[in-house]
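Note that the structure is predicted; figures quoted are calculated from it, not measured. Letters A, B, ... are given to chains in the order of the sequence lines, protein chains preceding strands, and every chain is numbered from 1.
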Amino acid sequence: MAAIVELQDIGITFPGGERPVFDGINVAVERGEFVIIVGASGAGKSTLLRVVAGLLAPSRGTLSHSFTERPDQRSVAMVFQEARLMPWRRVRDNVALGLEGLAVSAAERDRRVDDALALVGLANYGSRWTHELSGGQRQRIGIARALAVEPDLLLMDEPFGALDAITRQTLQDELLRIWGETGKSILFVTHDIDEAVHLGDRVLLLGGTPARITHTYDVDTARPRDRDAADANRVGAQVKADLSGLFDQGGGI
Amino acid sequence: MSKRTFLGAGGLFAFLLIWELVARSGVVEATLLPAPSKLPATLISEVTLGFWHKMVLASLNHYLIGLISGSLLGVIVGGAVALFPTLDAVQSWLARLLRPIPPLAWIPFAIIWFGISETAAAFIIAIGVFWINYFTAYTAVRAVDPDLIELAASFGHRSLGARLRKVILPAAAPGLLSGLRAGLGQGWMTVVAAELFGITGIGQRMNEAAGLLATEVVVIYMLTIALLYGLSDMLFVAVQNRVLRWQR
Ligand SMILES: Nc1ncnc2c1ncn2[C@@H]1O[C@H](COP(=O)(O)OP(=O)(O)OP(=O)(O)O)[C@@H](O)[C@H]1O
Ligand SMILES: [Mg+2]
């Protein structure tokens, strides 16, 4: 099975930065896989996603992929921690942002926006202004905007980090449903380990200076998962132990 | 009618009343302070003699040419300087040197370069309007959230044109529009002064009338300016509200 995206020996040094943020990162996401990256704040999780999104060229290493590259879709789409909606666009037009410039007819664009809004449960919110939405709704619009471009790979950078616990759980379950329905490959960043083991097929721990993938965990728990599934929690406890081990060595912060 | 409207109308009425009483009482000489009751007749005579619309049209012409060219240049140059760090560095001292020069201080050069002409008046108006828009456009473009630019890039809008259309212009629109509105007012303030040197228009007619102590004619044109400014500002605010209807 060809990985949808594979990072080999990726290194990043910011201009003016004395030390590389990472050195020798290897990550592969298989088609349809839900991969989680956890790591301390400042470890370089967002930077890694920006490399995968093509927003930042790596200083070394290679990035290979097997994207479909159809003219009516985008290979990758990002969901950010803060929803990043454009306040001057209505909800529909925010969702349509990534469709502009694609080979998509107006009718097809409308259909995709409707479908994406329905997927996130906000079918009737298209004509609202973004300031008329709650935090959880804004985040769902960010997800709908990413889904509308039918990406091969969905990148999510702590998308639920700013939400309250209950909304967070609701959106996690909704994301799992959407993942089940669309079969997307997902690379998801979080520092919430319970979230990581609830969502992921695989959890990668990013740590150290410069950062690398120090640990990899397979979460084999059958889906749908119970929030207190014993084996997922066992993995979670292991991740926590390893993370604090890294922390004690002075990696990250 | 709300209490506010009522009080507003009352204040205006009281002002006119006191003005009329003072003018009639003979405390001040009639030429120094024309009574408001004399104004309608003066307006009618200015209109029937053909002065009023000739002057208003001429001023409107200078105003619009100066306003449009000053605003466009100000927004384009100010925006470009905000986008390109090299330009920003080049302009930093230059702008500090040129901006404090009041528009009216350019009158001698305007006349030397363009003669006593419409162009000279439009040029002076354009200068004031330019600087206002230059600085508001600069500030507004600098304040655009880089996260939104990154967002647009991540969804495929990376070229300068796409960035401008999808993010920078709409995000900077509130600032740009408030600059345009301030320029609208600044333009009316300079229009009269720019015409005092014999360029046909409201300012020139006021100057003539003042020379003949026809103060009621001066007042007519003062009120005309107020009316034109009020109207153009009202129109602009209507457009502004429409464009910015996404704001809370
Ligand atoms: N544009 C940049 N220029 C220089 N250094 C940067 C830049 N962006 C990020 N860094 C540095 O790279 C490191 C990783 O940052 P990054 O944002 O990827 O961390 P993160 O793991 O996402 O942290 P958090 O969990 O707090 O979001 C940090 O030390 C940060 O200071
Ligand atoms: Mg981050």
Mind listing the donor-acceptor pairs under 3.5 Å that bridge chain A and chain B?
{"unit_1": "Arg50(A)", "atom_1": "NE", "unit_2": "Glu150(B)", "atom_2": "OE2", "d": "2.9"}
{"unit_1": "Gly54(A)", "atom_1": "O", "unit_2": "Arg158(B)", "atom_2": "NH1", "d": "3.1"}
{"unit_1": "Arg74(A)", "atom_1": "NE", "unit_2": "Phe155(B)", "atom_2": "O", "d": "3.1"}
{"unit_1": "Arg74(A)", "atom_1": "NH2", "unit_2": "Phe155(B)", "atom_2": "O", "d": "3.2"}
{"unit_1": "Arg84(A)", "atom_1": "NH1", "unit_2": "Asp147(B)", "atom_2": "O", "d": "3.1"}
{"unit_1": "Arg84(A)", "atom_1": "NH1", "unit_2": "Glu150(B)", "atom_2": "OE1", "d": "2.6"}
{"unit_1": "Arg84(A)", "atom_1": "NH2", "unit_2": "Glu150(B)", "atom_2": "OE1", "d": "3.4"}
{"unit_1": "Leu97(A)", "atom_1": "O", "unit_2": "His157(B)", "atom_2": "NE2", "d": "2.8"}
{"unit_1": "Glu100(A)", "atom_1": "OE1", "unit_2": "Lys166(B)", "atom_2": "NZ", "d": "2.7"}
{"unit_1": "His131(A)", "atom_1": "ND1", "unit_2": "Trp246(B)", "atom_2": "O", "d": "3.4"}

Worksheet entry | Donor-acceptor contact present, side-chain Asp201(A) to main-chain Phe34(A), <3.5 Å | yes
Item to complete: Go through the atoms of Leu155(A) and report whether side chain, backbone, both or neither lie under 4.5 Å from a heavy atom of chain B.
Response: neither
Worksheet item: Can you say whether Ala171(B) sits under 4.5 Å from chain A via the side chain, the backbone, both, or neither, judging by heavy atoms?
Response: both
Discussion item. Between Lys45(A) (side chain only) and Ala40(A) (backbone N and O only), is there a donor and an acceptor less than 3.5 Å apart?
Written reply: yes
Worksheet entry | Greater than 12 external heavy atoms within 6.0 Å of Phe67(A)'s CZ | yes
Practice prompt. Compare all side-chain heavy atoms of Leu151(B) with those of Leu97(A) and state whether any distance is below 4.5 angstrom.
Written response: yes
Discussion item. Check this for me: does any side-chain nitrogen of one of Arg168(A) and Asp164(A) sit under 4.0 Å from a carboxylate oxygen of the other?
Written reply: no
Discussion item. The criterion is salt bridge (Lys or Arg N to Asp or Glu O under 4.0 Å); which residues satisfy it with Glu18(A), sequence neighbours excluded?
Written reply: none
Worksheet item: For Val243(B), is it the side chain, the backbone, both or neither that has a heavy atom under 4.5 Å from a heavy atom of chain A?
Response: neither
Worksheet item: Hey, are the side chains of Ile125(B) and Phe123(B) touching, using non-hydrogen atoms and a 4.5 Å cut-off?
Response: no
